[in-house]
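So you know, we letter chains A, B, ... as the sequences are listed, proteins then strands, and number each from 1.
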Amino acid sequence: MAYKTHNNGELRLADVDKKIILSGWVNKRRDHGGLIFIDLRDGSGIVQVVFNPESSLESHAKAHSLRQEWVVKIEGIVRMRPKEAINPHIATGEIEVLAENLEILNPSLTPPFEIVEDKEPAEELRLKYRYLDLRRQVCKDRLILRHKVMQRTRRFLDEKGFLEIETPQLIRSTPEGARDFLVPSRLIRGKFYALPQSPQLFKQILMVAGFERYFQIARCFRDEDLRADRQPEFTQLDIEASFIDEEYIYSLMEEFIKVLFLDILGIDIPIPLIRISYDDSLLRFGTDKPDLRFGMEIRDLAFLSESDVKIFQTASTIRGIKASGLSGSRKEMDELTEFVKTKGAGGLAWFKVEGGSLSSPLAKFLKEPELKRIQDRFSAEDGDVILIVADKKKVVEQALSELRLSLGEKLGLIKEGFSFCWIIDPPLMEYSEEEKAYKPSHHPFTSPKETDWQIIFISPEKTKARAYDLVLNGSEIGGGSIRIHRRELQETIFNSLKIQEEAKKEFDFLLTAFSYGAPPHGGIALGLDRLIMMMAKASSIRDVIAFPKTQTGTCPLTSAPFSVSPAQLSELGIKVL
RNA sequence: GGGGUGGUGGUGUAGCCAGGUUAACAUAUCAGGCUGUCAACCUGAAGAUCGAGGGUUCAAAUCCCUUCCAUCCCGCCA
């Protein structure tokens, strides 16, 4: 029994006079008493079906009872619409299907919310009835985009000689990084598996095994708090290669990005992508993931520490930005001051350029050459406002970074489009105040820059890493590094991180593997959900995941997580406290 | 763990700041009408203990406290 001879959305003038069978959902019914129109929707789109009592009294009568989301099968004839009834807004708008027979395949309850393209109910409802939410074309399109990205990715890497190899989902827990999701072992009571935060160790082991080009579209798990762009389970494009250096990764990924955007979005991303050093990025943008869609770069004003203004004398770092297009009103300055205070800064110094010179409550405490120098530093002209934060380096960077983004948005400076960059030469490790120890800024398998690696012992925070992040529009969408492949160096790094004893045990298998001729290798991992989210111009990662979790990590559709039976627990030897 | 926003018929919102008739509007639903609609239209009907609990008050959707849920952010995310 045939359900369809054609797809609804694909019918065109060329199909006129064909006798066809269609199936799908009733998207909309317009009942004129005499004539009844329904918009019939399937995976391909929508077509209008007309019920006319003159051509089929029986199906016309049946069509009266149709409601939204009923599933029906229709036999009929494609015909041209009357000229005045052509609908230019839909692809099938020049034709319609005159129904001769209507079969109701499955009625539907009244949906809990209207399934309309441009209206969205509360997110919790959307997720509870995700199958209804996903009936909207906008939702479908995002998952179709995701499919295309995955297919194109596989083809691209296959053509480059990469092998797709799966790695385990049940692995051992290691202390580094994010919190693990744990899975109790039944066979060995009291022991636990962890779900992988990334396939990092396995892909390095694959390199030791001699697979010189590996990739995987890997599901990863991190038990941390959620955000608009963070889910507890997410998908990573994981890549690793042997006998390569940074340049190989840069050009591979640049070609990949170019192909992906060109083939799927028809957008030509210029390559090579610009590279900005980590230090430079912090100086110019206050962050290691700069949004390059607009300028408004941060300038250093260290010379002000010589001035008579006390806060400038005591602050370790003085930097500022120039904004054009602000009103410069007292109220506005107060708001901006409040804004940077919420970001941790003590306050905001501001200067307005009026009549060629700077005016400010602070102006009377500064000498004329100092004011001139501030203005020159920004090439500021009448109407510009210069905003300065003086504080500890980290605070200044963060406050100005946030201020820059906020003003960029407020002043409408952020251009449409996709601005990629590489952030390179980050520090190998950072000092953690909380833990009173050095922590790897990427991960402990990252190779130090050869020129720098002797100073690991002298000043660890000054050692640069052979690591790189890929940044798109102010979002980190990927990161990787050239790895350590020699056991001694890896042990040295573990030593510097003061996790030697622990690490020896946790990563013994890796160190052992490195003892058997590990090739030089490196790689990268891209957050695919995030990349797709940006390609789709979606505001949340949830929009590009078929069945995402809420912010508290629940699934309203299935009510996960849920309690388990005492029998299940006792089998695992687990007791809930 | 902390901060912001929101929770009112099925859905989306208004009302809340400044307490006081029958909680308003749109849409969906139901019934009737209608032969060219495509956000169909016209007429009518039904539908809400205002997230939950407590308090203040003669009187609470409105003020106060607690709590839950959603969402955004900080912390966290090698």
Treating primed atoms plus P, OP1 and OP2 as sugar-phosphate and everything else as base, which nucleotides of nucleotides 42-53 of chain B get B, S or - for protein heavy atoms under 4.0 Å?
------------

Answer with base, sugar-phosphate or nothing: what part of the nucleic acid does A:S441 contact at a heavy-atom distance below 4.0 Å?
sugar-phosphate

Phosphate-side-chain proximity, A:R227 and B:C74, N/O vs OP1/OP2 below 4.0 Å
yes

Do A:D39 and A:R30 meet the salt-bridge criterion of a basic N to acidic O distance under 4.0 Å?
yes

Upstream residue (5' side of RNA chain B) when A:P112 and A:I86 are each assigned their closest nucleotide
A:P112

What is the distance from CD of A:E123 to P of B:U11, rounded to the nearest Å?
16 Å

Does B:U5 pair with anything, Watson-Crick or G-U wobble, both distances under 3.5 Å, and if so, with which nucleotide?
B:A70

Hey, are A:K449 and A:D425 close enough for a salt bridge, meaning a charged N less than 4.0 Å from a carboxylate O?
yes

Let me know the distance between CZ of A:F181 and C1' of B:C76, rounded to the nearest Å.
13 Å

Between B:U22 and B:C38, how many Å separate the two C1' atoms, rounded to a whole number?
38 Å

Side-chain ion pair, A:E233 and A:R219, N-O less than 4.0 Å:
yes

What's the gap between B:A52 and B:G4 when it is taken at their P atoms, as a whole Å value?
23 Å

Output yes when A:E94 and A:R81 qualify as a salt bridge under the 4.0 Å nitrogen-oxygen rule, no when they do not.
no

If we call it a pair only when both distances are under 3.5 Å in a Watson-Crick or G-U wobble match, what pairs with B:C63?
B:G55

Nearest whole angstrom, please: distance from the C1' of B:C38 to the CD of A:E117.
15 Å

A:L40 versus A:N27: any side-chain heavy-atom pair under 4.5 Å?
no

Tell me the partner of B:A24, counting only Watson-Crick (N1-N3 plus N6-O4 or O6-N4) or G-U wobble (N1-O2 and O6-N3) with both under 3.5 Å; none if nothing fits.
B:U13

Test the A:R135-A:Y129 pair against the cation-pi criterion, namely NZ or CZ under 6.0 angstrom from the six-membered ring centroid and within 45° of the ring axis.
no

Contact nearer the 5' end of RNA chain B, comparing A:P440 with A:S540:
A:S540

For B:G47 and B:A28, measure between their C1' atoms and round to the nearest Å.
11 Å

What is the separation between atom CD on A:E124 and atom P on B:U11, rounded to the nearest whole Å?
11 Å

Using the C1' atom in both, what is the distance from B:G20 to B:C63, to the nearest Å?
14 Å

Just checking A:L125: base, sugar-phosphate only, or nothing, at a heavy-atom cut-off of under 4.0 Å?
sugar-phosphate

Would you indicate whether the side-chain heavy atoms of A:Y278 and A:P427 approach each other to under 4.5 Å?
yes

Give a yes-or-no answer on whether the side chains of A:D42 and A:S44 include a donor-acceptor pair shorter than 3.5 Å.
yes

A:D39 has a side chain; which of B:C38, B:C73, B:U11 sits nearest to it?
B:C38

Please answer whether the main-chain N or O of A:I239 pairs with a side-chain N or O of A:K203 as donor and acceptor at a distance below 3.5 Å.
yes

Any strand is fair game: report the nucleotide pairing with B:A39 by Watson-Crick or G-U wobble, both distances under 3.5 Å, or none.
none

Pick the P atom in B:C25 and in B:U66, then give their distance to the nearest Å.
36 Å

Measure the distance from CZ on A:R30 to P on B:C41 and round it to the nearest whole Å.
11 Å

Side-chain donor/acceptor of A:R222 to base of B:C77, under 3.5 Å
no

Protein-to-nucleotide contact annotation, 5' to 3' order, nucleotides 27-36 of chain B [B base; S sugar-phosphate only; - none; under 4.0 Å, heavy atom]:
BSSSS--BBB

For nucleotides B:G55 and B:A46, find the distance between their P atoms and express it as a whole number of Å.
35 Å

Atom NZ of A:K439 and atom C1' of B:C76 are separated, to the nearest Å, by 9 Å

With a 4.0 Å cut-off, would you call A:E335 and A:K331 a salt bridge?
yes

Please report the distance separating the P of B:C65 from the corresponding atom of B:U71, rounded so that it comes out in whole Å.
25 Å

For A:L109 and B:U11, what is the distance between atoms CG and P respectively, to the nearest whole Å?
15 Å

Side chains of A:R172 and A:T174: is there a donor and an acceptor less than 3.5 Å apart?
no

Considering only atom C1', compute the distance from B:G15 to B:C77 and round it to an integer number of Å.
42 Å

Is B:C50 paired to anything, Watson-Crick or G-U wobble with both distances less than 3.5 Å, and if yes, which nucleotide?
none

In terms of side-chain geometry, is the basic nitrogen of A:E69 or A:R41 positioned less than 4.0 Å from the acidic oxygen of its partner?
yes

Sidechain N-carboxylate O distance under 4.0 Å for A:E224, A:R222:
no

Under 4.0 Å between a side-chain nitrogen and a carboxylate oxygen: does that hold for A:R404 and A:D291?
no

Under 4.0 Å from any atom of RNA chain B, heavy atoms only: list the residues of residues 547-554 of chain A that qualify, in numerical order.
A:T550, A:Q551, A:T552, A:T554

Rounding to an integer number of Å, can you tell me how far A:D133 CG sits from B:U11 P?
14 Å

